[in-house]
Every structure is written in structure tokens, then in C-alpha cells.
Amino acid sequence: MPDSPHVRISEVSKSFTTESETLLALDDVSLDIERGEFVCLLGPSGCGKSTLLRIIGGLLEPTTGDVSIGNRTPGDAQAEKSLGYIFQDPSLMPWRTAEDNIRLPLQVNRAKNRDSAPSVEGLLKLVGLERFGHYYPSQLSGGMQQRVALARVLAFEPSLLLMDEPFGALDEITRGAMRYELMRIWDADQKTVVFVTHSISEAVTLSDRVVVLSGQPGQVKGIVDIDLPRPRTDGLETDKLFLEYAATLRGLLSQEITNG
Ligand code: ADP
Ligand code: MG
């Protein structure tokens with residue numbers, strides 16, 4: 001079924017109940033994501049971005065509505081390792097070197113008889129760390145640790161990558177460089193990516209489409225197609241079209257803040 005979306009989010013709502021109240025975090029969110037598409041979920045802090053990503057990844061059940069990943073449930077996709085998760089915290093095993101952090105999922109992958117499984121060397125090269133395989137996480141910078149985390153997830157060869165503010169803890173300069181690094185890796189084999197951010201420039205740099213979520217409860221406020229040519233490389237931020245997209249997104253977000 002080449003035409004069915006890779007991810008289908010249908011009328012998803014999520015409420016959280018604590019002792020004192022019930023909070024509606026997501027309200028009736030529907031979205032189709034095509035195979036190979038790079039989609040950013042952009043919205044203010046607390047609007048439900050992580051909650052939506054967790055529901056897509058099968059880490060959380062929606063209260064109503066449902067999600068399918070290539071006609072499977074998120075739980076099945078998760079069990080098959082056909083989706084990979086990257087968080088702000090790279091969560092590497094500190095007692096393993098970079099290459100040993102990557103090797104573990106590779107062994108699991110080989111055991112599943114995926115003979116196309118990439119090599120440790122190939123993955124380190126892909127993320128630009130070929131000289132650092134024998135380093136321990138504590139000997140690597142934040143950006144390098146996040147590259148190892150990315151290589152570790154790519155070892156499973158997931159067709160869907162879910163990224164929750166993966167560069168959020170990095171300094172501005174490293175963060176900017178990591179965007180283009182991610183674009184280079186994504187250009188190499190176009191996986192479907194759902195990327196959560198509250199940074200407008202990050203969303204414009206990376207996305208085919210930006211989904212703007214409103215503040216609590218999270219609803220789809222607008223969807224903006226980003227028709228900037230690829231490959232996207234350093235210097236894009238000064239492009240006239242880039243600035244127009246950024247202004248459009250800022251407009252959608254500021255309405256949100258004024259109304260809220
Ligand atoms: P974002 O990632 O956009 O910053 P989140 O998805 O983390 O937002 O949270 C959305 C809302 O849901 C917030 O108000 C948050 O307090 C609430 N929330 C998230 N997880 C839980 C939980 N496990 N229990 C109660 N409330 C939660
Ligand atoms: Mg979040």
C-alpha cells in the first residue's frame with residue numbers, strides 16, 4: 001500500500017487525572033504523516049508535544065482516538081523496533097565506550113537475521129565520530145553524546161524516528177551545527193521523522209511540514225509546508241524565504257500567546 005500514510009493520528013485526545021483535577025493535554029488531534037516525511041511538532045512549553053510523541057511511540061495510550069504506524073499499533077511497531085526514540089538526554093551507558101553503546105542494538109538486530117545490518121564503523125562514520133569509538137560518554141561533548149545516541153537508534157534500522165527536543169540541552173552553536181548534521185544523515189536514507197521542538201528556526205531548517213500546536217489543550221493550530229530546497233546547508237537562516245516561514249510560524253504562535 002504505497003499510498004497509505006506511515007503514521008495516522010485519528011482524533012486523539014488525552015487527559016491526565018491527578019488527585020485534584022483532570023487536565024486535558026490533547027484535544028482531538030488528527031494528522032497523517034507520509035513515508036519519508038520530516039515533520040516538526042512546534043508549540044509552546046506544556047502544549048502536549050511530548051505527550052503526542054509518546055502516544056505515537058506507544059509509550060502512552062490516548063484517552064480517545066487512535067494511532068496507527070503502517071497499519072500496526074504503536075505498541076507492535078515499538079516491539080519490532082521499527083520505530084526509534086531520541087530524547088533530550090542521550091542516556092548512554094556510562095561504562096560502555098561509544099562503539100559498545102552502539103554494538104548492543106546491532107547484536108540484537110543481527111539476531112533478527114537482518115543481514116543488511118549496518119556496521120559499528122559505518123554508523124560511527126555516519127554520525128561523524130569515526131575517531132571516537134573508544135571514548136567513554138564522559139569523555140565526549142554533549143553534541144557528540146547525542147550523535148552516539150542517534151547511531152545507537154539507527155543501528156536498529158527503524159523506519160520511523162521520534163525525536164523529542166534532542167538538541168534542547170546543547171549550546172546554541174552546537175545545536176545549530178547538529179541541525180545540519182541531522183539533515184545530512186536524513187538525506188542519506190530518508191526515514192520518516194517526527195521531531196518535537198519549541199524553536200521556530202529549528203522547525204524551519206528541518207521540516208517538510210511544521211505542525212503548530214496551540215497551548216493547553218494541544219490542538220492543531222495550523223500546518224505550514226516548508227518548500228525550501230534540499231539539501232539544506234549552513235547559511236539557510238539568512239534566506240528570504242526562510243525568514244518568511246519563520247515569520248508565519250511566529251504569527252501562529254503569538255496569536256496563541258495573546259489568546260491564552
Ligand atoms: P510539552 O512537551 O509540549 O512541553 P507535555 O506533553 O510534556 O508538554 O505536557 C502537556 C501537559 O500535560 C502539561 O500540562 C503537563 O503538565 C501534563 N502532563 C504530561 N504528562 C503528565 C502526567 N504523566 N501526569 C499528569 N499530567 C501530565
Ligand atoms: Mg516536552
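Each ligand, and each atom within it, is numbered from 1 in the order the structure gives. All values below come from the heavy atoms of this structure, side chains included, with hydrogens, waters and symmetry mates left out. This structure is a prediction, so every number in the text was calculated from the model and none was measured.
- Annotation: side chain of V153 is in contact with side chain of P158 (closest heavy-atom distance under 4.5 Å).
- Excluding waters, the set of protein N, O or S atoms lying under 2.8 Å from the Mg ion (ligand 2) comprises S50 OG.
- Inside a 4.0 Å radius of atom 18 (N) of ligand 1 there is at least one protein heavy atom.
- Atom CD of E11 is surrounded by 12 or fewer heavy atoms from other residues, nucleotides or ligands within 6.0 Å.
- Contact between G43 and ligand 1 is absent, with no heavy atom of the residue lying under 4.0 Å from the ligand.
- For Y135, the OH atom sits in a loose shell: 12 or fewer heavy atoms of surrounding residues, nucleotides or ligands are nearer than 6.0 Å.
- At a threshold of 4.5 Å between non-hydrogen side-chain atoms, the residues L182 and L150 count as touching.
- Of all protein heavy atoms, the one lying nearest to atom 20 (N) of ligand 1 is F16 CZ, 3.4 Å.
- Looking only at protein heavy atoms, the nearest one to atom 8 (O) of ligand 1 is G48 N, 3.2 Å.
- Residue contacts with ligand 1, taken as heavy atom pairs separated by less than 4.0 Å, do not involve V196 at all.
- Here the heavy atom of the protein found nearest to atom 11 (C) of ligand 1 is G46 O, 3.7 Å.
- Residue-level proximity to ligand 1 for Q216 is carried by the side chain, the only part with a heavy atom below 4.0 angstrom.
- Protein heavy atom nearest atom 5 (P) of ligand 1, with residue, atom name and distance: T51 OG1, 3.6 Å.
- Only the side chain of A25 comes within contact range of ligand 1, with a heavy atom under 4.0 Å; no backbone atom does.
- F167 is not listed as a side-chain neighbour of T174, based on a closest heavy-atom distance of 4.5 Å or more.
- Taking distance alone, with nitrogen or oxygen atoms compared against 3.5 Å, L23 stays at or beyond that limit from ligand 1.
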